[in-house]
Structures are given as C-alpha cells and as structure tokens.
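No hydrogens, no waters, no symmetry mates; every other heavy atom, side chains included, goes into these values. Order of the sequence lines fixes the chain letters, A, B, ..., with proteins taken first and strands second; residue numbering starts at 1 for each chain. Remember, predicted model here, so these are calculated numbers, not experimental data.
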Amino acid sequence: MHAVSDVYPCKSVRIGISLSLSLSLSLSLSLSLSLSLSLSLSLSLWLMATVSSYQPWKSEFSKMSDRKEPTSISCTASLPMLWKEYFRDPSQWWDNRSRKVHPGYPDFKHKGTKQCLWIDNPCTPSWVTAELSRRSMETPLPARPVICDDCTAFVVSLRACAKSKDLRKGSLIHEEILRKGLVDQCSDALITMYAKCGALVKAQELLDIHSSRNAYTWTAMITAYAQHKQARDALRCFEHMQLAGLSPDAVTFACVLNACSSVQDIDKGRKIHAEIIRQGLIGDDVVLGNALLDMYAKCGALSTAQYLLQWLPSRDVVSWNALISGYTLLGQGEQALRCFEQMQIEGFSPTSVTFTCILEACGSIGALEKGEEVFYEIAKQELFENNIVLGTATVDMFAKCGALSKAQQVFQNLPSRDVVSWNALIAGYAAQGQGNQALECFAKMQQEGISANEVTYSCILDACGSLGALDKGTEVHHEITRQNLLQTNIVLSTAVVDMYVKCGAFQSAEQVVEELPLQAVAPWNSLITGYARQGQSDQALKCFKLMIHRGINPDAVTFTGVLNACSHLGLTDEGLMHFMSMKKIYNVKPDIGHYTCMIDLFGRSGQLDKAMEVIKEMPPGEDLAVWSALLGACQKWGDVNVGKRAFEHSVELSQNDAAAYALMANIYATASLYNDAEKVEV
DNA sequence: ATAGGGTTAG
C-alpha cells in the first residue's frame, strides 16, 4: 500500500512541477500526503496531461497567467518559494545559463529536486526581480544562437539510437555530424549514445576530447562502465568528473554506489553515503536509498542494510528485494526467508524479482517445501509468461534441492528457454552424479539450436569426469579451445584439467596445465590432489615443485594435496618442511585437514611425540578430530604415553566420545596394562 | 527537443 499510494504519485507530482512550473511545491506535497489514492492519482494524471501539451518556448506564460484555475494560484504561490530557496543557497542549483540554447531551456535547476527557474518568467514577483537585478542577473544570458535544426535533428536521432542500442546507425550519424562540423554542439549526445550502446572506448575518447560540462553525460559514462562490469573504470570516471568541477547528483551517486558494490568497496560506499547525507539527498529519493541499501547488502554488511531499510524515509518493494538478495548472496537463506515473511506482513507484495531471490534462497538451503509453495504462487499469478529468469530460477531451485524430475517437468513447461535455463538443468544432473542425463540434455539443447556457453561446458566436463567419459570430454575440450575460451576463464580451465584427472588421463591434464595462458592455482590444485588421490604421490610432489618454479602461489588446497602425498610416501621431513613453509613463506593458515595430515604423516612412522608438538600449536576449538586421529595412531603403535594425553584431550573436548574410550582401553590392553584398561572402560 | 543519466533477479 505504502509504495502504491504514497511514493509513486508523489514522484509523478514532482516531475509535473519541474516541467510545468505551474504548481506550488508546498501545495502539491501536502496534497500528495493528505489526499486519498484516487485523488492523488487523478491529480498526477491531470498534471501529466498539462505537461504533455505545455510548450514554454511558445511563450505560454502569458496565456497561463491569464487562466483562472488552478494555475494562477500556483504561479504566484510557488515561484517566490523557489526563488527564496535559490537565494538562500545558489550552490544547490545548477546554473545552466551558459548552456542555454533555447529560451525554453531553464536558467537554473535544483540539484536535488530538479525544479527549474527561468529568470524572465513573467510571473516572477517584483521583490525577486529586484534581488536579481541587485545580483546583476536581471536578464538571462543570451541564449547561444545555435538553434540549428540540423543539430536538433541529430540529437533526437542519437537519442533514438541510444535507446534502441543501435550502434551502427549511431556511428553513421556521427559521420554525418563530422561532415557538417557540428561535433561540438552534439558531443554530449554522441558520448551518451556510444556509452549506452556499450562502445565505451569511443565514448571515453569523445569525453576526453570534448571535456563535457554536462553532469548527465558523465553519469551516462559512469553507468555504462558499471553495466559492463568495469566498475573500477566507473569509479575512476567519477573521480575525473569531480576533478572537472562537476557536482554529482542523486542519480550519479546511485550509479557510483552500484559500482562500489561490484568491486565490494564498502569504504568508498560509506564515503558516498556520508556525502549523500551531507547534501540531504536521501529524503525524497527511493531509488537512491535503494542503491545505498543494495551497496551495503552486496558488500555483506547486512546489519547496516537492515538498519537502512528500517530508517529510510521512503522504501518500497525494491528495498526489500535488495535486502533479500543480499542475504541470499551471503548464503543466509533462512534470513532471506524471514525477510520475505516480514515484507508481506508489512503489506508489500512480492514481485518477480522477490520470487527469483527467494527461489535461490530455497535452493541454497534445500528448502524444497517452501520452494514448491513459492512455485505454485508464481504459477497462480501467471508470472512465468515472458519471464525466463523466473522460470530458470525455479528449475534451478528444484535441481539444487535434488528434485530433478520436478525440475525437468517445470523446464519442459517453460514458455521459452535460453542457455541459462538449460545450464540450470544440466548442472543439476551433473551435481547429482547423473552424468548421462546431463549429456542427454546437452545434446537436446544443441538440437534446439542453442549454443553452449562457458557454464554449460563446465557442467558437461564435470559430467564427463564422473562418468569417466574421456572421449566426450576430449571432444568438449577441443571445442572450448576452438572458441578460445581458456584464454580468460580460470574456472573452465580447471574444469578441463579436472575432467582429464578424473578420467585418469594425467598426461593430457599436465599438458593442459602447462599450456594455460593464465597463471592460476586452481588447475594446478586439481592436478596435484588428483595425483595424490590416485596414490601417485611422487607425481603430485613433482607438479608442486613445477608450480612453485612457475611462480604460482600455493593455497590451502595445494598443501592438503602435498601433505597427503608426503604422508603416503613416508616423507616425514619433507612433509614437515612444507607444513612450516605454508605458514612462514606462503602465509596460508593450516586448517583441520592439514593438521590431520600431519598426524597421519608422523603416525605412519611412529613419531607420535612430534605429532603432538604439531597439534599443540593448533588454535583451541575445533580440534577434536585431530586428537582422535592421534589416538588412532597411538593404538597402531601401542604408544601409551602419547595415547594417554591424546585421550585426555579428546575427553575434555567431548564428554561422551565412546570411540575415544574404546581406543584408549585397547591401547592399554595391547600394552598388557589390563588394570588401566578396565578403569577406562568404567 | 528541452530532457537527458539511476536501484532489486537465473
């Protein structure tokens, strides 16, 4: 209710004012707050009608001031207020006089509310005229005499190209503009067109040459960078904009916040937040508030996001969606579901976006029942029509919950499918170990003429690996190479290596790793742990040395493989050396798995006292498994002394560890210490 | 032609 009856009509009213200049701010605000829904709506509709027929450059002002109702009221009521606001703090207003190419173009525009002022407005009261004259502003600067029709036509066409993302046509217009020598007048429209069509280099080039003085143009550039996953460039562009002396407004800030979330730069985001508060922009802009909330949510600061949701002056369903998506992104599906309930209690109806997020949340925590419930609701509201994203999210939810027949069923009933929908299904089959089903889907997808992408290949390689389908896997690898996909995609590269490893084709795996254009640890890990798993420990260590030689930094996974290999080969000293270097040289924090490896390593050679030294360094907490492993080793070697201490630690950490009691009793018994054994068993 | 540039999702 809140969103529909309050926020949006209010927004329409505001737009109406800035365009028509004909209603008073105070009047319209109080109207939108106090009137009923239908009245606000009809008011804004009326305003829109007025706006569309209103053409200030045809000197409509005189006609309007002659009218009786309701414009005559607002004309006298609103202007003085706006001028008062302008005189109070001119820095809150854009001064557009130097860019004025037409009398209809406003002389001043408020940075936050977008309200406009014309110096030569006939309704302007005399005290304002006096004040203007005192400030030597009694006449507007002469409009730039370039009211050239060519220019106008070009700008209009460029805008159309921008809207339809027609880069080809836009470039042709650019050529035409160059021929006529009108680039200077059209540069802003050109930059915006290139930016919107994704021709970022071209847009930036023109921006550099023409050093635009237009904040809208800069914002278009920033947005284009952010939308093309070049958030760093977006932020850099924002810096340049400020260095050029242009002030960002609410829209600019919203775009920049978007860029901050892409690069997870919460500090930058906080600074922007402070600036937004300083400029008082939050109050009347839901979108800006939502962008802010989304930034905190995407950067993982969910408590701040939650707090914002509570205190934002205006919020809508998008605010809730941003919060829910944040929880989902962080894997906190339960929290996401809780928000979903809460938003409905507060009277917001979920949208397709809400449902999409919630489905993902259900999939991530395996909440099949809730997911199914949401699915029926979506079907009931007929939201699956023309919404591939929502359909795919449903398939994905069922697949992630392991309900593959259900996933298949939904998939078949989708009104349309794309590569992502297919991927959801294929990934589901691959993850459940149903490799043949995955391959079957892959074939069907190609029959339907839909080309695979990196994600598809990655899933299919996974399926090939689990099936040991070397031929199919090799075929896919060659296709990937043909498409040059290994140049940029580490995940895919690792999938290729992993496929060869799982098929036991280690030579091919090694060859791929050696020839990869990207330096990354993951493909090497796949190879090393693969060798270690296969018992080919010497090969694992050989690869590790090669990798270090290539200057690639090992991570926690690498060392798990390496320590396992050392353990199997009985290389106690080398294992200890790697264990030390992982902390000291490579700054990798050992986890439980590494400690267990070390126990295993020393345990095999009977050096249980050394094993204990290693464990003692462990940070206290989750170390029960490690003490149990040590106790097991003690049983094997009949080491009563170390065993006793391992037993004490095990018991201390877990009061009822039956296995530990049994092991200890066994150790005593083996050492013929039957009295002690009996005591333990009691 | 007198605005233009913005938030949430597989």
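With hydrogens and angles ignored, a donor-acceptor pair under 3.5 angstrom links the side chain of A:T152 to the base of B:dA1. One donor-acceptor pair, N or O on each side, does fall under 3.5 Å between the base of B:dG10 and the side chain of A:D418. Between the side chain of A:D249 and the base of B:dG5, a donor-acceptor pair under 3.5 Å is found.
Note on A:K163: nothing from the nucleic acid sits closer than 4.0 angstrom, heavy atoms only. A:V155 comes within contact range of no nucleotide atom at all, as no heavy-atom separation falls under 4.0 Å. Using a 4.0 Å heavy-atom distance criterion, A:T328 is classed as making no nucleic acid contact. Among the heavy atoms of the strands, none lies under 4.0 Å from A:I324.
Here the side chain of A:N321 is nearest to one of B:dA9, B:dT8, B:dG5, namely B:dT8. The listed nucleotides are B:dA3, B:dG6, B:dA9; the one nearest the side chain of A:S325 is B:dA9. In this structure, the nucleotide among B:dT8, B:dG4, B:dG5 sitting nearest to the side chain of A:A220 is B:dG5. Across B:dG6, B:dG10, B:dG4, the shortest atom-to-atom separation from the side chain of A:Y216 is found for B:dG4. Closest contact between the side chain of A:D396 and the listed nucleotides B:dT7, B:dG10, B:dA9 involves B:dG10. The side chain of A:I388 lies closest to B:dG10 when the candidates are B:dG6, B:dT8, B:dG10. Among B:dT7, B:dG4, B:dT8, the nucleotide with an atom closest to any side-chain atom of A:V353 is B:dT8. Nearest nucleotide to the A:T219 side chain, out of B:dA9, B:dG10, B:dG5: B:dG5. Nearest nucleotide to the A:Q227 side chain, out of B:dG5, B:dA9, B:dT7: B:dT7. Closest approach to the A:D294 side chain among B:dG10, B:dG6, B:dT8 is made by B:dT8 (side chain taken as heavy atoms from C-beta onward).
Residues A:Y296 and A:H273 form a side-chain contact, since some pair of their non-hydrogen atoms from C-beta on lies under 4.5 Å apart.
With respect to the salt-bridge test (charged N to carboxylate O, under 4.0 angstrom), the residues A:K370 and A:E373 qualify.
In this structure, A:F411 has its ring center no closer than 6.0 Å to that of A:F398.
A straight line from CG of A:L207 to P of B:dG4 spans 20 Å, rounded to a whole angstrom.
For the residue pair A:Q279 / A:E275, a side-chain donor-acceptor distance below 3.5 Å is found, with atom types taken as modelled. Judged by distance alone, the side chains of A:S325 and A:T328 never bring a donor and an acceptor atom under 3.5 Å apart.
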